[in-house]
Protein chains: 2
Amino acid sequence: MLAQATISPTAPTPLSYHSGQPVTEPSDLWSTATRQTCARNRSIYSEGDPADRVFKVVSGAVRTFQLLEDGRRQVNAFYLAGEIFGLEATGDYRFSAEAIVTSQILVLRRDRLTLRLTNEPALMGDLWRITACELERAQAHFALLGRKSAIERVASFLVSMGERSVTNGAIELPMSRQDIADFLGLTIETVSRTMTLLEEQRLIAMPSARRIVIRDRRPLMALDS
Amino acid sequence: MLAQATISPTAPTPLSYHSGQPVTEPSDLWSTATRQTCARNRSIYSEGDPADRVFKVVSGAVRTFQLLEDGRRQVNAFYLAGEIFGLEATGDYRFSAEAIVTSQILVLRRDRLTLRLTNEPALMGDLWRITACELERAQAHFALLGRKSAIERVASFLVSMGERSVTNGAIELPMSRQDIADFLGLTIETVSRTMTLLEEQRLIAMPSARRIVIRDRRPLMALDS
DNA sequence: CGTCCGATTGACAAAACTCAAGTACTGTGG
DNA sequence: CCACAGTACTTGAGTTTTGTCAATCGGACG
């Protein structure tokens with residue numbers, strides 16, 4: 001039944017995508033993928049590896065990042081349940097991916113995807129849209145890294161996480177302060193201090209370091225610009 | 001003849017793309033585009049406009065950027081001769097584009113492109129690759145904005161410009177110091193001071209503010225990381 | 001209960017920003 | 001050709017923000 005399913009370009013199923021932009025994909029794209037469990041901090045692929053697989057997070061969380069020669073790290077993105085990563089149009093992976101916590105991921109071999117593309121060219125439009133969506137999110141991150149203050153960066157991050165994964169009122173952060181710092185272009189100490197500041201201002205509450213409750217959304221959104 | 005031309009996915013013509021990554025596109029993609037002259041600082045499209053056109057720079061230079069509410073500006077990219085911009089998979093432009101200097105650009109209507117895509121699905125793969133290439137370049141910019149010092153940012157910028165447009169030994173910068181600052185996430189003063197520093201260190205020479213000669217490439221590349 | 005690791009806090013230093021002044025181009029009109 | 005105006009760029013002085021280094025706190029787990 002899975003193999004027989006045909007894709008109509010007019011009847012895609014909606015995919016909740018983490019940029020907030022609805023993206024469509026064929027419902028059975030992942031039916032031929034294999035499921036895999038990745039331990040915490042386990043590498044999924046590394047910069048320079050041939051880009052022969054595409055991934056979708058089932059549960060857990062993944063980070064993609066690049067390292068400068070002296071060890072400085074830039075986290076490019078976090079991927080949560082339902083989100084797709086590792087989709088390159090061609091060539092090698094240009095960044096590395098690691099599981100942040102023990103995660104379940106779907107792995108789709110690139111050659112299977114290519115095969116599907118040959119039979120169903122319309123599918124390529126969907127993949128293009130996924131890439132375009134990622135580009136959009138990336139460019140929006142430019143303004144954060146290039147022009148925002150520490151408090152604006154942290155507020156933007158919390159608002160974004162709040163839109164992506166809330167469990168009964170609280171944001172569960174799977175990533176460490178170091179991950180957040182490397183994503184926001186700050187140091188771990190600045191992230192920590194800024195979160196304390198937001199708590200003192202009663203905009204958020206922190207039942208624990210990894211659990212954040214947004215108490216007053218409005219001023220946080222304002223900081224988000 | 002133009003209309004009759006068929007596209008073979010195995011015989012694309014190479015397109016020099018500014019990320020340094022070779023990208024292919026059908027040679028006649030722009031044959032139905034109209035040529036247009038854009039005066040200096042003239043808006044080409046604005047954030048929120050329907051993304052109904054795709055552009056290619058013939059001569060001159062273009063910047064894409066976003067504005068925060070309080071006027072802070074982030075320049076996302078510069079586009080020089082031969083480079084494509086405004087290619088969105090769907091929806092509205094999410095950033096604005098302006099001519100930096102008086103420029104000639106090719107304008108391809110989106111509906112014509114869509115028509116082509118219907119007849120030649122293979123073309124979509126090429127467009128996807130262009131978007132993926134742009135994404136790659138965007139993500140590489142993350143490390144610069146998030147983790148590099150002022151001198152590293154300026155050095156990276158000059159090396160990148162040197163690879164894209166050199167006229168008899170000198171880099172001709174079409175953009176102002178303010179444009180560069182907004183691209184690198186710095187202030188105009190820091191950009192100016194940093195360039196002076198690089199000149200004092202004999203890594204570059206500045207016959208004029210807009211003409212840069214790279215005198216010692218090695219240490220500049222090292223700063224580029 | 002103690003250890004370990006991640007997170008927080010404090011004191012100080014450095015990098016980049018802000019504000020302000022001065023210099024050097026560019027183009028225009030006399 | 002020169003004088004002037006306007007803009008862009010450079011430089012300086014002082015401030016702010018963020019980073020660095022070091023110590024402490026606190027929850028998770030054996």
Would you grab the first and last nucleotide of DNA chain C (5' to 3') that comes under 4.0 Å of any non-hydrogen atom in chain B? dA16(C) to dC19(C)
For Ser176(B), answer base if it contacts any base atom (sugar-phosphate contacts may also be present), sugar-phosphate if it contacts only those atoms, and nothing otherwise; contact means non-hydrogen atoms under 4.0 Å. sugar-phosphate
Nearest of dT11(D), dT10(D), dT20(D) to any side-chain atom of Arg193(B)? dT11(D)
Whole angstrom value for the distance that separates P of dA8(D) from CE of Met175(B): 15 Å
At what distance, to the nearest 0.5 angstrom, does CG of Asp182(A) lie from CG of Leu186(A)? 9.5 Å
In whole Å, what is the span from the CG atom of Asp179(B) to the P atom of dA8(D)? 10 Å
Ignoring hydrogens and angles, state whether a donor on the side chain of Gln104(A) or Arg35(A) is under 3.5 Å from an acceptor on the partner side chain. yes
To the nearest Å, how far apart are Glu189(B) CD and dT10(D) P? 11 Å
Send over the distance from Glu199(B) CD to dC9(D) P, rounded to a whole Å. 15 Å
Residue whose closest nucleotide on DNA chain D lies nearer the 5' end, Ser208(A) versus Lys148(A): Lys148(A)
Quick one: are the ring centres of Tyr45(A) and Phe55(A) less than 6.0 Å apart? yes
Mind checking Arg153(A) for me? I need base, sugar-phosphate or nothing, with any heavy atom below 4.0 Å counting as a touch. nothing
Considering only dT18(D), dC9(D), dT11(D), which nucleotide approaches the side chain of Thr190(A) most closely? dT18(D)
What is the distance from CZ of Arg72(B) to P of dT17(D), rounded to the nearest Å? 13 Å
Do Ser225(B) and Lys148(B) have side-chain N/O donor and acceptor atoms under 3.5 Å apart? no
Could you give the CZ-to-P distance, from Arg177(A) to dG19(D), as a whole number of Å? 16 Å
Begin from the C-alpha positions of Val54(A) and Leu113(A) and carry the test side chain to side chain contact (heavy atoms under 4.5 Å, CB included) through to its verdict. CA-CA 9 Å; Val54(A) 182; Leu113(A) 183 59; 3.9 Å; yes
Do Thr196(B) and Glu199(B) get their side chains close enough for a donor-acceptor pair, meaning under 3.5 Å? no
Taking the six-membered ring where the residue is Trp, are the ring centres of Phe65(B) and Phe95(B) under 6.0 Å apart? no
Round to a whole Å and report the spacing from CZ of Arg210(B) to P of dT10(D). 10 Å
May I have the distance from Ile180(B) (atom CD1) to dC9(D) (atom P), rounded to whole angstrom? 8 Å
